[in-house]
Amino acid sequence: MTSEPTPKREEMPKAFNPALVEASLYSRWQASGAFAPREAPGEEPYTIIMPPPNLTGELHLGHAMMDTVEDILIRWRRMQGRPALWLPGVDHAAIAVHTLIERQLAEEGLTRHDIGREAFLERTWQFVNANRARIFEQHKRLGISADWSRESFTMDPGPAKAVRTIFVDLYEKGLIYRGNRLINWCPGCQSALSDLEVDHEDVASFLWHVRYPLIDEQGQATGDYITIATTRPETIVADTAIAVHPDDPRYRHLHGQRARLPIIGRELPIVPDEAIDPEFGSGALKVTPGHDPTDFEIGERHGLPVVSAINVDGTLNEEAGPYAGMDRFAAREVLVRDLKEQGYLVKEEPHSHAVGHCSRCGSVVEPLISEQWFVAMKQEYGDHEPGPSAGAGPGFRRSIAGDALRAVRDGWVGPDGVKKQVRMVPERHTKVYENWLENIRDWCISRQIWWGHRIPVWYCDDCGEMTVAIEDPSRCVHCASESVRQDEDTLDTWFSSALWPLSTLGWPEETDDLRSFYPTSVMETNYDIIFLWVARMIMMGIFARDDVPFEHVYFHGTVRDDQGQRMSKSKNNGVDPLLLTHRYGSDAVRFKLITAGGTGNDQRLEEPRIEAARNFANKLWNAARFVLGDIEPGQRVQALDPSDRASLAAADRWILSRLERVVGDVDRLLERFELGEAGRTVHDFVWDELCDWYLEIAKIRLREQASADRDGDRSEGSHLPQANPERVQNNQSPLPVLVYVLDSCLRLLHPFMPYVTEEIWSGSGDLRSHLPEDAAASLIVATYPRPAQVWRDEAAERELGAVMSVVRAVRNLRRERGIDAGRRLEAYVVGDETLQRHAATIEALARVGPLHIVAERSAAPADSVATAVLDDAQIILPIASLFDFAAERENLEKQRAQASADVERLEKQLANESFTARAPAAVVEEARERLAAAASRLAGVEARLAELG
RNA sequence: GGGCGAUUAGCUCAGCUGGUUAGAGCGUCUGUUUUACACACAGAAGGUCACAGGUUCGAGCCCUGUAUCGCCCACCA
């Protein structure tokens, strides 16, 4: 042994510098193959399919949140030894990319029709290929351990085949149909939209009251009028009836009568219909089946003709007579003016109402009749046999929406006969999901754009029949004509997204991946796409394979700006995650996102909190520097043996016991998806217990040991009180425990903060080389701590608890009495003899000395002392000239008030017979112990006050 | 019109199955070059848990209602 101080590791800088290590650690992980699921026969696979980011999008904080949550889950399960697959991919984002390319063309003065479909797609693919790789380069910066070898794209041949396969299957079962129906049309995108792609926004407008002249059987005006109220006067040209509530006495005499449509002149029947609200407007509704969903239904009920007056570009057509060719909004103004001039307009009142806007381009959506493809949501299908879902019981009828509802509400029995209930976290989303499915309408899946999966339907020029096929047909299946043309339309992006958990694993082929990893474990995404995506995956997953696509859905919250506003391009308040990782490190950004809020709750992005997370990474780093600084290079520490615990110091037994509780808590919390609470639990343990106390205690012991070694070099004798066996025990090297606890904390934290933990463990810190036994090459594949009971030690926890309260009390007194922080002063502690073995600790941490631990109050001085009375100890500091009678008295009075309040409260509680009778025994017992402690404290304070006079 | 969430310290938020005197980060105040860390350490101040009832031996947590804010869904033209 040398008396020189151990050389510090030069390669570990004083502050953790993420920029220095992140890239190389990431490459090392990736090169090691750690991102791919391990071969572990018998272990249950764990699978997360990553929600595919859009091709057009830049990395935003929603992605960062997604990446972090999923990476934590995957790293945790991987470390638990399970074959953990995290499969990444990209979405082709049909409308978004399509419009982007169209915009590019527009800049060149071209439209897609100028260059044609083929050239358009060629151009789009160029864009795709140029952007696909770039997307994940950004995600990788967050340290995500996805299996890049399996990266997928919704337009790849595999997923494309999945799309066609399920389309054909749905069609053959009668669940996909083509129909002429009223759909949401976006004049901006020039395409149909599904209901979910329409955002309703309140718009301040007017309610126009228009009177329609009544006519007699000969078509002559009677001179009377019926007044209707409308927000869309331009659709008057397509009116085909007037409806009133059947019970409305104002209009009962008009049932079956007729009115004449102003300007256009068409005769309109007046029909009674329950859908009319007599309270609204005039209680009479103009019925426009061609341009309003309610009216469409009324029209169907009464057999009304449908007039379509609006073109796909939002202009009016010849049905609009004098307004033909005008834009719908221009037509509105002109029409109102004309109505006014011709005396039809009764009044114009301000009115705010919800108007549908295209969620993509913001145009006002136009309901119009169009021939589109739909998926039937509620239609029953199949042979009505219970089949694999026998758990559903008799009378069970399959339908797409019904099955998806069942899987969440009751559970779905898969082909393996196991009933799986899709659980949502947080659970509150379940109700929203169920409510939506109960009221669902058919899904319009065709889009009039070119980028996307083209509908696999071919029309025959000769016989007019359709051929629906997975492979491109060369001839019509009905008449064998070779003159077949494929449907021009493409599918809703979400149609292929709905298949994502299947198509990424190889379905419809029966691949190894599909067999191993389907159904997946967790679908993790933002709650805002629960309908758009999650519900549809459940629908299609069950339809395609008779099994749920995943067993848990975890919804993370939205990250808002520091004002609580949703980040958006239009507000220009977005924050680039890469800027943050650059400034604070990935670990800090990740840790903040996970621990700053409650499970699934929205949170604000606050930089001070990221800074705090960075500080934590640095804290951990420095704790490691301290531990490692005390180990010789190449030295392995001794293994800990629980059966030999008696040889350990109380502080060792305490920190091991505490660690074990933390491991148990973290395990339980992670199992329940309480990631934030799990992260906070480790954070608090590392900072408040490991660093603030155990490391400080260890420091003292190491120092003593070092000085003993030095003394030992000079002479056999030592000044240490060898006679005291407690001192000897106390002087056991804390290194094995230090290493063990640090190692455990690194493992616990690795999923949350992969970089700093790995760098300490297998990077420049090289902690792994000091472990008692050979460990994994990298922390990423090391074993996650498992809950156990072997180190639980309540006695040690109590013992150290007492030490800590003594130290705190001394520090407190010093502060209160204005004693210099640096000044070492003599101290008396009246208390249990077990404190004796912690004398050195108390001396160092409270900066006192010499310290006298005495059994009786009388053994300590009474004059010119500052006193603190604890539950089971008293602190007496002789402070001589600093002594202030009034201050001491005031302080003791404060202590007395507190103690007596405690006693009073607890006495009252224990006097309550229903409490002692009904509360659990442990709770009552605890109250009794607390009362005893408070009483002893009170007695101590009062004795001291009496002494003081 | 339905549904959901939030309301806790100056600010931003945790708080599990109801069980000590309700916690954290930031901020504020007072100290500290204490041999891992000033990205730190020690100490302190700061709360009628939105409001009103109820259930319970016991409520921040459960129930009912109210208020305010936010979000989602919905065919009142």
Side-chain angles (χ1 to χ4, degrees), chain A residues 5 8 12 14-16 200 207 228-232 243 275-277 279-282 284-288 292-298 351 353-354 367 426 428-429 431-432 435-436 439 527-528 530-531 558 562 564 566 584 588 592 595-598 600-604 606-609 611-630 665 668-669 672 674 676-677 680 683-684 691-692 695-696 699 703 808 811-812 814-816 818 820-822 844-845 847 898 901-902 905-906 909 912-920 922-924 926-927 929-930:
Chain A
K8 293 286 174 215
M12 274 185 95
K14 202 167 167 182
F16 174 61
H200 294 274
L207 192 57
I228 57 89
T230 181
T231 55
R232 301 204 55 201
I276 310 306
D277 174 8
E279 304 291 314
F280 189 89
S282 63
L285 171 73
K286 71 187 221 27
V287 183
T288 320
D292 184 278
T294 311
D295 295 11
F296 183 79
E297 286 170 16
I298 293 172
H351 179 70
H353 65 129
R428 62 173 180 268
H429 294 293
K431 208 169 24 174
V432 180
N435 184 51
W436 183 71
N439 299 301
Y527 60 78
D528 63 357
I530 181 169
F531 308 137
T558 305
D562 58 0
R566 223 189 161 88
Y584 301 101
K592 188 277 169 192
T595 57
N601 288 354
D602 289 1
Q603 65 171 275
R604 297 182 193 211
E606 296 170 281
E607 291 208 37
R609 193 114 193 188
E611 210 175 303
R614 177 205 58 187
N615 295 353
F616 177 53
N618 190 54
K619 187 78 179 173
L620 189 65
W621 177 255
N622 275 290
R625 282 206 324 137
F626 168 72
V627 173
L628 293 162
D630 280 299
D665 287 347
R668 182 175 48 84
L669 289 164
R672 291 163 41 182
E674 305 262 3
E677 198 63 18
R680 287 188 290 267
H683 168 278
D684 292 351
C691 292
D692 286 352
L695 249 48
E696 294 303 324
K699 217 181 261 181
R703 213 180 288 146
R808 282 198 194 99
R811 287 169 173 171
N812 214 314
R814 299 176 66 112
R815 251 344 262 146
E816 266 170 13
D820 277 354
L845 297 186
R847 300 182 76 74
Q898 182 63 58
D902 289 349
R905 196 189 59 253
L906 289 159
Q909 187 176 26
N912 182 347
E913 276 175 33
S914 28
F915 171 68
T916 47
R918 299 193 194 198
V923 173
V924 177
E926 217 179 303
E929 281 169 18
R930 281 205 304 274

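Since the structure is predicted, the reported quantities are computational estimates derived from the model, not experimental observations. Naming convention: chains lettered A, B, ... in sequence-line order (proteins, then strands); numbering from 1 in each chain.
Rounded to whole Å, the separation between the P atoms of B:rA67 and B:rA9 comes to 23 Å. The gap from the C1' atom of B:rG1 to that of B:rG18 amounts to 36 Å, rounded to the nearest Å. Nucleotides B:rC41 and B:rU48 have their C1' atoms positioned 35 Å apart, rounded to a whole Å. Annotation: B:rA22 and B:rC16 have their C1' atoms spaced 15 Å apart (nearest Å). One C1' atom belongs to B:rU64, the other to B:rU12, and the distance between them is 31 Å to the nearest Å. Using atom C1' as the reference point in both B:rC71 and B:rG53, the two lie 29 Å apart (nearest Å). Of the C1' atoms belonging to B:rC4 and B:rA44, the separation is 42 Å, rounded to the nearest Å. Taking atom P on both B:rA6 and B:rC29, the two are 35 Å apart, rounded to the nearest angstrom.
Taking a pair to require two hydrogen-bonding distances under 3.5 Å in either a Watson-Crick or a G-U wobble arrangement, B:rU17 remains unpaired. Nucleotide B:rG31: paired with B:rC41 (Watson-Crick or G-U wobble, both distances less than 3.5 Å). In this structure B:rG5 sits in a base pair with B:rC69, meeting the Watson-Crick or G-U test at under 3.5 Å. The base-pairing partner of B:rU56, taking Watson-Crick or G-U wobble contacts with both distances under 3.5 Å, does not exist among the strands shown.
The CZ atom of A:R811 sits 14 Å away from the P atom of B:rU34 (whole-angstrom rounding). When rounded to the nearest whole Å, the span between CZ of A:F616 and P of B:rC41 equals 12 Å. Residue A:L695 contributes atom CG, which lies 7 Å from atom C1' of B:rA36 at whole-angstrom precision. As rounded to whole Å, 11 Å separates atom P of B:rC39 from atom CG of A:N622. Distance OH (A:Y527) to P (B:rG70): 14 Å, rounded to an integer number of Å. Per the geometry, CZ belonging to A:R614 stands 14 Å off C1' belonging to B:rG25, to the nearest Å. As a whole-Å value, the separation of A:D820 CG from B:rU30 C1' is 13 Å. Atom CD in A:E611 sits about 14 Å away from atom C1' in B:rA40, given to the nearest Å.
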- For side chain to side chain contact (heavy atoms under 4.5 Å, CB included), just list the numbers for A:D902 and A:R930, CA-CA rounded to whole Å, side-chain angles, deciding distance to a tenth of an Å, and then say yes or no. CA-CA 9 Å; A:D902 289 349; A:R930 281 205 304 274; over 6 Å; no
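For A:R703 against B:rU35, a side-chain-to-base donor-acceptor contact under 3.5 Å is absent. The base of B:rA40 has none of its N or O atoms less than 3.5 Å from a complementary donor or acceptor on the side chain of A:K619.
Here the side chains of A:R814 and A:R847 are in contact, with some heavy-atom distance below 4.5 Å. A:K14 places none of its side-chain heavy atoms less than 4.5 Å from the side chain of A:W621. Side-chain contact between A:I298 and A:L285 is present, with at least one heavy-atom pair separated by less than 4.5 Å. Side-chain contact between A:T916 and A:N912: absent, with no pair of heavy atoms (C-beta onward) separated by less than 4.5 Å.
Side-chain atoms of A:R428 lie closest to B:rC4 of the nucleotides B:rC4, B:rC37, B:rG19. Closest to the A:H353 side chain, of the nucleotides B:rG19, B:rA77, B:rC37, is B:rA77. In the set B:rC76, B:rU21, B:rU34, the nucleotide with an atom closest to the side chain of A:D902 is B:rU21. Distances were taken from every side-chain heavy atom of A:T231 (C-beta onward) to each of B:rA77, B:rC37, B:rU20; the shortest belongs to B:rA77. With B:rA44, B:rA36, B:rA77 as the candidates, the nucleotide lying closest to the side chain of A:N812 is B:rA44. The side chain of A:A612 sits closest to B:rG25 out of B:rA42, B:rC39, B:rG25.
Between A:R905 and the phosphate of B:rU21, there is a side-chain N or O to OP1/OP2 separation shorter than 4.0 Å. Contact between the side-chain N/O atoms of A:K14 and the OP1/OP2 oxygens of B:rA38 is found at a separation under 4.0 Å.
Taking CG from A:L906 and CD from A:E929, the interatomic distance works out to 11.5 Å, rounded to the nearest 0.5 Å. Here the straight-line distance linking atom NZ of A:K619 with atom CZ of A:R614 works out to 14.0 Å at 0.5 Å rounding.
Shortest non-hydrogen contact noted between A:F16 and A:N618 is N-OD1, 3.0 Å. The two atoms that bring A:T595 and A:G676 nearest to each other are CG2-O, 3.8 Å, heavy atoms only.
Annotation: of the two residues near RNA chain B, A:V923 and A:H683, the 5′-most nearest-nucleotide partner is A:V923.
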Might you list the N or O atoms of the protein lying below 3.5 Å from N or O atoms in nucleotides 72-75 of chain B, with each pair's distance?
| unit_1 | atom_1 | unit_2 | atom_2 | d |
| --- | --- | --- | --- | --- |
| B:rC75 | O2' | A:T294 | OG1 | 3.0 |
| B:rC75 | N1 | A:T294 | OG1 | 3.4 |
| B:rC75 | O2 | A:T294 | OG1 | 2.7 |

- Which nucleotides of nucleotides 9-16 of chain B have their base under 4.0 Å from a protein heavy atom (B), which only their sugar-phosphate (S), and which neither (-), written as one string 5' to 3'? ---BSS-B
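Residue-level contact check: A:I276 touches the bases, meaning some heavy atom is under 4.0 Å from a base atom. Residue contacts for A:K699: at a heavy-atom cut-off of 4.0 Å it reaches a base atom on one of the strands shown. At the heavy-atom level, A:P367 lies nowhere under 4.0 Å from the strands shown.
Side-chain atoms of A:N622 never come within 3.5 Å of backbone atoms of A:R625 as a donor-acceptor pair (strictly under, hydrogens ignored). Within the 3.5 Å criterion, the main-chain N or O of A:E606 finds no donor-acceptor partner in the side chain of A:D562.
Between A:Y527 and A:H429, the two ring planes are parallel [angle under 30°; tilted spans 30° to 60°].
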